[in-house]
Amino acid sequence: MKKMDKKSLDSDRVGRLLIMFAIPAFISMAVHTLYNVVDTIFIGQYVGRDAIGGLTLVFPIQILSLFVGMLAGVGGSSLISRLLGADQKYKAERALGNSFTITFVLSVVLTAIGLANVPLWCHLLGASEATMSYAADYLHIILIGMFFMTFSFTLSSLIRAAGNAKVPMIGMVLSAALNIPLDWVFIGLLDGGVKGAAWATVISQIVGVIYFMSYYFVGKPELSFAFRDLKPDWKIAREILIIGFSAGAMVLSGSASAIVVNRTVIAFGGDLALATWGVLNRAMMFAVMPSIVIGQAIQPIVGFNYGARRFDRVLRVIKISGIAATSIGLLVFLAVYFNPGTVIRIFIDDNELIDLGTHAARLVFLVMYLIGLINIGATVFQSIGKALPAFLSTVTRSVLFLIPAILILPRFLGLDGVWWAFPISDSMTFVLVLGMLIPVLLEMRRLNSEQKIKSEETSSLGTVQKNDIESSGIAA
């Protein structure tokens with residue numbers, strides 16, 4: 001796999017660059033998604049549906065580790081890509097160091113708050129008598145390892161921003177390759193239940209972080225840092241946090257909506273509906289994964305070329321990625337929509353859950369193919385430093401559309417109201433993102449046209465001057 005550098009980002013064909021970044025990003029995201037999915041499969045097969053319900057309740061807090069990871073990782077990646085495109089390597093190194101510092105401070109704070117009262121958080125999340133012990137046991141261990149889960153995401157994003165997609169892929173594959181056999185040992189052989197699943201995840205994440213850090217200290221990183229770069233530079237940190245918050249806000253809003261979904265599902269369908277939602281939620285991870293992968297792949301390409309004012313290349317990569325994400329989304333939708341029972345049986349063989357899940361999946365996945373362009377739009381806004389559109393494109397689905405729909409629709413449609421809330425919110429978010437993306441694309445087309453005209457005028461002037469000189473020489 002060829003290593004991407006400044007020359008490649010500036011001159012290689014956009015389609016080739018997209019493939020070179022997308023392949024390792026796909027492998028990385030696939031194995032990252034496996035963490036929760038594999039845990040759920042083992043828990044479903046060895047423990048039961050109440051344990052799946054416990055894991056589902058904890059998930060909103062667990063994904064908060066991604067909040068810090070995206071805050072520093074996505075914000076730092078966007079800034080680093082643009083600084084490298086503008087040939088400001090020193091500032092890019094400062095951004096790298098400050099991203100590390102932000103991740104360290106915030107992950108420690110988040111862990112401390114979580115460990116202060118685990119049973120309270122489980123109660124607030126809606127745990128019943130049947131699911132409380134599972135939720136508390138799993139959450140306590142996950143919080144202990146949250147520092148490493150956060151750093152793993154941040155490091156993979158920052159390394160990819162500097163043009164190296166291979167190292168993040170290897171690190172994530174290494175973690176997943178360890179997580180699966182550890183699940184089998186701790187849950188299957190040692191009968192560790194949800195505690196075993198949690199320890200398997202934490203240990204595998206620790207190994208991943210060790211690998212990523214070894215790359216900076218003993219490898220040959222495209223962008224290195226000195227310890228002085230860890231000192232907070234408030235101007236750089238502010239820009240990282242502003243852009244990163246748009247991505248982090250997506251996680252926060254997703255966590256909030258997950259809590260609302262969990263509590264509403266319990267209220268209208270009980271623990272069976274909660275376990276069903278837990279399985280569908282894991283399946284949704286795989287459904288949206290292709291568009292997230294393509295978004296990760298275009299981030300360094302868009303950021304670098306936007307910083308270098310190569311608007312023609314930015315427009316091309318957006319076009320290609322939009323078509324690819326939508327096409328793949330359609331294929332995934334067709335596979336899940338027409339055969340949801342097979343997907344659910346991968347997790348658990350429970351007839352009641354399969355019957356309810358089959359009906360729910362056909363509603364939840366109804367317009368899932370629109371997610372592709374939504375994620376592409378959000379990534380474009382983050383990559384070019386458009387903080388407000390980036391923020392709106394990531395939080396409106398959960399906060400403005402999904403949560404109100406979940407609070408209102410079940411009052412009229414019962415449990416089906418929860419399932420209908422997803423296609424409705426996805427459709428409305430698609431319209432919003434498209435409405436914000438089109439003006440940005442038109443502006444880049446205008447700037448690109450102006451550059452072409454200016455370049456042609458400069459070229460014509462140079463030709464005229466050359467002809468004048470030659471004419472003067474002939475006359476002489």
Side-chain angles (χ1 to χ4, degrees), residues 35-40 42-44 46-69 105-150 179 182-183 186-187 190-206 248 251-279 281-282 348 353 398 403 406-407 418:
Y35 284 125
N36 286 295
V37 171
V38 170
D39 283 352
T40 305
F42 274 96
I43 290 298
Y46 285 94
V47 186
R49 72 188 189 194
D50 285 339
I52 291 180
L55 266 65
T56 304
L57 288 169
V58 168
F59 190 65
I61 291 184
Q62 186 177 352
I63 63 174
L64 285 180
S65 62
L66 290 180
F67 166 65
V68 176
V105 173
L106 294 183
S107 60
V108 170
V109 171
L110 185 61
T111 300
I113 294 174
L115 288 173
N117 199 332
V118 171
L120 173 63
W121 303 128
C122 293
H123 177 72
L124 292 175
L125 291 170
S128 65
E129 184 177 345
T131 58
M132 173 62 82
S133 62
Y134 295 118
D137 287 345
Y138 190 80
L139 179 58
H140 187 268
I141 297 169
I142 287 296
L143 286 170
I144 292 173
M146 188 170 284
F147 173 87
F148 299 98
M149 298 174 71
T150 299
N179 181 244
L182 285 178
D183 268 331
F186 289 146
I187 303 173
L190 301 180
D191 196 25
V194 295
K195 290 182 179 180
W199 279 118
T201 297
V202 170
I203 293 171
S204 61
Q205 291 282 5
I206 291 173
V251 177
L252 284 179
S253 59
S255 180
S257 65
I259 293 172
V260 174
V261 172
N262 290 345
R263 296 185 69 93
T264 307
V265 162
I266 293 170
F268 286 89
D271 289 337
L272 172 62
L274 177 64
T276 301
W277 164 238
V279 170
N281 191 30
R282 269 48 172 193
I348 189 170
L353 193 150
S398 296
I403 291 178
I406 290 174
L407 293 176
V418 177

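Since the model is a prediction, treat every value here as computed from it, not as a measurement.
Here side-chain hydrogen bond (donor to acceptor under 3.5 Å, both in side chains) pairs that include residues 264-273, with residues two or more places apart or in two chains, are Ser128-Asp271. Residue pairs meeting the side-chain hydrogen bond (donor to acceptor under 3.5 Å, both in side chains) criterion with at least one partner in residues 105-119, sequence neighbours excluded, are absent.
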Please test Tyr134 against Leu55 for side chain to side chain contact (heavy atoms under 4.5 Å, CB included), starting from the C-alpha separation and ending with a verdict. CA-CA 7 Å; Tyr134 295 118; Leu55 266 65; 5.5 Å; no
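Evaluation of the side-chain contact (heavy atoms from CB on, under 4.5 Å) rule for Leu182 yields Leu178, Phe186, Ala200, Ile203 as partners, not counting sequence neighbours. Scored by the side-chain contact (heavy atoms from CB on, under 4.5 Å) test, Ile206 finds Phe148, Val202, Ile210 as partners (sequence neighbours excluded). With sequence neighbours left out, the side-chain contact (heavy atoms from CB on, under 4.5 Å) criterion links Ala136 to Val118, Cys122. Residues satisfying the side chain to side chain donor-acceptor pair (under 3.5 Å) test with Ser398, not counting sequence neighbours, are none. Residues satisfying the side-chain contact (heavy atoms from CB on, under 4.5 Å) test with Val109, not counting sequence neighbours, are Ile113.
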Under 3.5 Å, side-chain donor or acceptor atoms of residues 190-198 against the rest of the protein: list the pairs with distances, not counting sequence neighbours.
none

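Proximity of a side-chain donor or acceptor of Asn262 to a complementary backbone N or O of Ala258 within less than 3.5 Å is detected. Remark: the backbone N or O of Leu124 is paired with a side-chain donor or acceptor of Arg263 at under 3.5 angstrom. Within the 3.5 Å criterion, the main-chain N or O of Ala127 finds no donor-acceptor partner in the side chain of Thr131.
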